[in-house]
There are 2 protein chains.
Amino acid sequence: MPHIPLEEHLPGITGLLEYRRDTAEPIRDLTQLLLRGPSSLTEGERELIATVVSNGNKCKFCTAAHTAAADVLLGDTVTAELVKTNISAAPVSEKMKALLVIADKVRESGKLVTPAHIEKAKAEGATDLEIHDTVLIAGLFCLYNKYVDGLDTALPADAGYFNVLADRLKNHGYARLPQGYDHLKKQVSN
Amino acid sequence: MPHIPLEEHLPGITGLLEYRRDTAEPIRDLTQLLLRGPSSLTEGERELIATVVSNGNKCKFCTAAHTAAADVLLGDTVTAELVKTNISAAPVSEKMKALLVIADKVRESGKLVTPAHIEKAKAEGATDLEIHDTVLIAGLFCLYNKYVDGLDTALPADAGYFNVLADRLKNHGYARLPQGYDHLKKQVSN
C-alpha cells in the first residue's frame, strides 16, 4: 500500500502526478522536451535510456512502462530486453551502446562517468548535446524511480495496462491529455 | 574539465542551465515550487533536505550551495553541518529528523523507505504532503547531483561564490533573474 493516500485506480507515477498537480506540470514538461522534443536521438532510443536507468534502479513500474514504450516505438521486443540484460549484445548502434553505458553510470553516481566513457561515445559519433541529454535523462529517471518507489506506489492489477500506456506515450507523449480524451483517461489515467 | 563545453565563468549547475535553456526552465520551475512555494516546511528546512541529499551523493557544488542557502535562511551554520554528519544531533524538530532520514533513504534507493520510517514521521506530526514533498525534493536533488557530476562541471575558483549564491537563492529563489539584475548576474550567473 502506498505510503500516502493515492487514488487506487492510478498505479505508479500516475497517482503521484495527480496527487500534486502543480509539481506534475514541470515534471511532464521536462520529460516531454527530453523524450519527445527535437533530438538527433530517436524517440525509441531515448526510451531505451529511460529503460536502462529504471531497470538498474529496479523500479518495476517505470521499467515496465518504458520497456513497453520502447517496444512500440522500435517495433520489436528484443532490443529493450537486451538493453536491460547485456547492452553490448543489443541491436543498437555503437554510439547508443556508449550512451547507454554512460546513462547506467550516471544512475549509480555521476562521478562514475570517466573521460574514457565520453571519448568512446564521441568516437562513435555522439555529439555534446547527445551526451548532455543522456546524462539529464538518466538524472530525470532517477527522480522518477525514487519518487515512484519512495512512496511505495502500486503496480497495476493487469499487466496489459502497460500496453495501453505505451500506446498513449507513443501517440500523445508526456503532456497532460487534453479534454475530450475521456475514453483514454479511463484506461490510463491522465 | 567538464565533459561538454560549458561557459568557464559558470560553475556547477549554472553552466548546465545555460547550456540548454529550454530544459532549464521546467527544472527551475519544479525547484521553485518545491523549495520556495507555499509549504508547511520552512524554506530553511527544505534547503536542509537538499543539503542532506547532495552531501550523501558527495556532490561538492550542490552540497556547498545548499549548505550556504540553509545557513542564510536559518541564521546559523551549525544546523546544516550537523544534518550532514549526525541528523539525530541536529537542532531541528523530531519531525524534520524523521523527514531527513526519509530523504537520505530515497537518495540511496526509494525501496529503502519502510512503513516504520513513515510511521515515525507521522507520529512526529508530518503530514502526507510533507512526506510527499520530502520524497520528491530528494528525487529532484538526485537529478541535480547526477547532472552536475555526470558532466563533471567545475567548482568555482573562489569559495566566496557560495555566499553570493546563497543570498541570491534567499532573495530571488530559483527563478531565472529578470532583466535589470546584471550586477548580480555578473557575480552569480543567471
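Computed from heavy atoms alone, side chains included, the values below leave out hydrogens, waters and symmetry copies. Note that the structure is predicted; figures quoted are calculated from it, not measured. A note on names: the letters A, B, ... follow the listed sequences, proteins ahead of strands, and every chain is numbered from 1.
Atom NZ of B:Lys60 sits in a sparse spot, with 12 or fewer heavy atoms from other residues, nucleotides or ligands closer than 6.0 Å. Counting non-hydrogen atoms of neighbouring residues, nucleotides and ligands closer than 6.0 angstrom, the CD atom of B:Glu8 reaches no more than 12 such neighbours. Shown here is B:Lys97, whose NZ atom has more than 12 heavy atoms of other residues, nucleotides or ligands within 6.0 Å.
Contacts with chain A were tallied for B:Thr134, B:Ile27, B:Leu16, B:Asn145; B:Ile27 has the most, counting heavy-atom pairs under 4.5 Å. Counting heavy-atom pairs under 4.5 Å between each of B:Leu112, B:Asn57, B:Asp133, B:Thr127 and chain A puts B:Asp133 at the top. Ranked by heavy-atom pairs shorter than 4.5 Å toward chain B, the options A:Ser109, A:Pro26, A:Pro5, A:Gly139 are led by A:Pro26. With chain B as partner, the option from A:Lys105, A:Lys58, A:His117 having the largest number of non-hydrogen pairs under 4.5 angstrom is A:Lys58.
Hydrophobic clustering of Ile, Leu, Val, Met, Phe, Trp and Tyr side chains at less than 4.5 Å, counting indirect connections, keeps B:Tyr144 apart from B:Leu33. The hydrophobic cluster containing A:Phe61 also contains A:Tyr174, counting ILVMFWY residues as joined when their side-chain heavy atoms lie under 4.5 angstrom apart, directly or transitively. Connection of A:Leu73 to A:Val83 is not established within any shared hydrophobic cluster, with ILVMFWY side chains joined at heavy-atom distances below 4.5 Å, either directly or through further cluster members. Note: the hydrophobic cluster containing B:Leu100 does not contain B:Val78 (ILVMFWY, side chain heavy atoms under 4.5 Å, direct or indirect links). In the hydrophobic clustering of ILVMFWY residues, with side-chain heavy atoms under 4.5 Å counting as a link, B:Val72 and B:Leu169 come out apart.
For the atom pair SG (A:Cys142) and CG (B:Leu140), the distance works out to 12.5 Å, reported to the nearest 0.5 Å.
In this structure, A:His132 and B:Tyr147 have perpendicular ring planes: the angle between them is above 60°, well past the 30° mark.
Heavy-atom distances place the backbone of B:Thr114, and not its side chain, under 4.5 Å from chain A. With a 4.5 angstrom heavy-atom cutoff, B:Glu108 touches chain A only via backbone atoms. If you measure heavy-atom distances from B:Leu129 to chain A, the contacts under 4.5 Å come from both the backbone and the side chain. Only the side chain of B:Lys122 comes within contact range of chain A, judged by heavy atoms closer than 4.5 Å. Proximity to chain A is limited to the side chain of B:Tyr19, based on heavy atoms less than 4.5 angstrom apart.
A:Asp29 is not listed as a side-chain neighbour of B:Glu25, based on a closest heavy-atom distance of 4.5 Å or more. For the pair A:Leu143 and B:Leu136, the minimum side-chain heavy-atom distance is below 4.5 Å.
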- Task: Determine, step by step, whether A:Thr23 and B:Leu30 satisfy the side-chain contact (heavy atoms from CB on, under 4.5 Å) criterion, reporting the C-alpha distance in whole Å, the side-chain angles of both residues, the deciding distance to 0.1 Å, and the verdict.
- Result: CA-CA 6 Å; A:Thr23 48; B:Leu30 180 58; 3.8 Å; yes
- Item | Test log, rule side-chain contact (heavy atoms from CB on, under 4.5 Å), inputs B:Ile131 and A:Leu151 | CA-CA 9 Å; B:Ile131 291 168; A:Leu151 289 164; 4.0 Å; yes
- Worked verdict on B:Asp128 versus A:His3 for side-chain contact (heavy atoms from CB on, under 4.5 Å): CA-CA 8 Å; B:Asp128 290 328; A:His3 292 318; over 6 Å; no
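B:Lys146 places a side-chain N or O within donor-acceptor distance of the main-chain N or O of A:Arg107, the cut-off being under 3.5 Å.
With respect to A:Lys111 and B:Asp152, no salt bridge is recorded, no charged nitrogen being found less than 4.0 Å from a carboxylate O.
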